[in-house]
Q: 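Here's a structure for you.
Whatever order the structure lists them in is the order used to number ligands and atoms, beginning at 1.
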Amino acid sequence: MAAATATNAAKTAKKILMVRPTYFDVKYSINPWMDPRNPVNVDKAHDQWATLKKTIEAAGAVVEVMEPNGADQYPDMVFSANAAVLRNNKAYLANFFYPERKGEQFFYNKWFKENGYETYLSHEIAFEGAGDALWAGKNQSKLFCGVGPRTDVRALYEIADKLRSDEPFKIFGLRLVDPRFYHIDTCLCPLNADIALWYKYAFDHVAQFNLRNEIDLIPVSEKDASRFACNAVVVDQTVILNEGAEETARNLERVGYKPVFVQMSEFIKSGGSAKCCTLALNE
Ligand code: ARG
């Protein structure tokens, strides 16, 4: 008993960065979910964000909140997943594809520098952070990157170079083909080193083939994928996802995970859900 307690205490909690939705809104359309004529209920969005944060904390993670001070021009900044891809204390920052989000890089760069990260960035090559880069494999030996809608394949060479460390890792470029699933974190969700949820039709045939060789995949139906079931926050055995993906919840239980539903309707109006609002700081 004492030994078990000591082990638990020694295990470092997962740390997650969230950006407060102070200026969150849908003011432009850069993906098929966004329609500025379909207004965001701002109060509801703030409640949903606060509930997501509490749910993540209840699952055992520590949430750091970044205040978007001065970023009133950037209504999408709440999607912290897009900030950067991280490895140890290095951050390779997003260079957003659409002009509407390009200015976010400045604020993220500042935050990462102030928080002890070495930062790298490009002003030329499009890349959208952990929204398009998911770690998996033993000791984060694999990085699955979405390529096409938001991320340029040339960014993958840069990431390999800048995030290089003593622990080697391989990067996989996976082409995304369905405009509704324009970031890889909308159609793939690694649960641990060896298993992931996926909506396979979001990937081209070559990517489907290559991914199957690298990780065990649990299929997500189109119905659940459209409810952003793949955009889930994993904290140990808890998987936090938008409500309504019943089939995916059952499949998660079958492999020993505990699904927890949250309401993300206001963020889905912007084409994002639970995982988009988070960035794992110490995977
Ligand atoms: N409105 C945002 C965009 O289109 C949503 C970003 C969702 N983020 C994500 N990691 N999938 O850029």
Side-chain angles (χ1 to χ4, degrees), residues 16-19 21-40 42 45 48-49 52 56 66 68 71 73-86 91-105 107-108 126-135 143-152 155 174 176 178-190 196-199 202-203 220 225-234 240-242 262 264-281 283:
I16 286 178
L17 177 68
M18 292 179 75
V19 177
T22 315
Y23 305 113
F24 173 63
D25 205 343
V26 174
K27 294 197 166 163
Y28 47 76
S29 177
I30 56 171
N31 68 54
W33 305 89
M34 298 176 88
D35 178 356
R37 289 167 305 182
N38 178 20
V40 169
V42 170
Q48 291 181 347
W49 185 88
L52 173 64
I56 291 170
M66 170 180 165
Q73 302 296 308
Y74 301 103
D76 273 337
M77 227 170 130
V78 67
F79 299 113
S80 58
N82 294 123
V85 58
L86 309 176
Y92 184 82
L93 291 164
N95 172 34
F96 288 88
F97 181 81
Y98 287 107
E100 286 86 342
R101 296 195 67 184
K102 282 212 185 278
E104 294 180 31
Q105 190 190 58
F107 297 95
Y108 284 122
F127 170 64
E128 296 210 353
D132 262 337
L134 301 173
W135 292 107
L143 184 65
F144 296 129
C145 290
V147 169
R150 300 291 185 92
T151 290
D152 184 320
L174 304 162
L176 303 176
D178 183 328
R180 295 172 298 167
F181 305 102
Y182 55 92
H183 280 138
I184 199 169
D185 71 356
T186 63
C187 48
L188 181 70
C189 177
L197 297 173
W198 79 328
Y199 174 60
F203 297 90
V220 170
S226 304
R227 291 181 196 272
F228 282 80
C230 298
N231 199 251
V233 183
V234 184
I240 303 160
L241 69 170
N242 179 47
V262 286
M264 295 301 298
S265 62
E266 299 318 294
F267 298 95
I268 287 174
K269 290 175 185 170
S270 187
S273 185
K275 192 273 181 184
C276 297
C277 294
T278 68
L279 180 68
L281 294 173
E283 276 183 298

Q: Taking only residues two or more places apart in sequence, or in another chain, which ones meet Trp49 in a ring pair (Phe, Tyr, Trp, His ring centres under 6.0 Å)?
A: none

Q: Considering residues at least two apart in sequence or located in another chain, which fulfil the ring pair (Phe, Tyr, Trp, His ring centres under 6.0 Å) criterion with Tyr199?
A: Phe181, Tyr201

Q: Checking Thr278 side chain against Lys275 main chain: does a donor-acceptor pair fall under 3.5 Å?
A: yes

Q: By ring pair (Phe, Tyr, Trp, His ring centres under 6.0 Å), which residues pair with Tyr182, not counting sequence neighbours?
A: none

Q: Please determine whether a side-chain nitrogen of the Lys or Arg among Arg150 and Asp132 lies less than 4.0 Å from a carboxylate oxygen of the Asp or Glu.
A: no

Q: Compile the protein residues with any heavy atom at a distance under 4.0 Å from an atom of ligand 1; present them by chain, then by number.
A: Ile30, Asn31, Met34, Asp76, Phe79, Ala81, Asn82, Arg101, Gly131, Arg150, Tyr182, His183, Asp185, Thr186, Ser270, Gly271, Cys276

Q: When you check the side-chain N and O atoms of Tyr28 and Asp76, is any donor under 3.5 Å from an acceptor?
A: yes

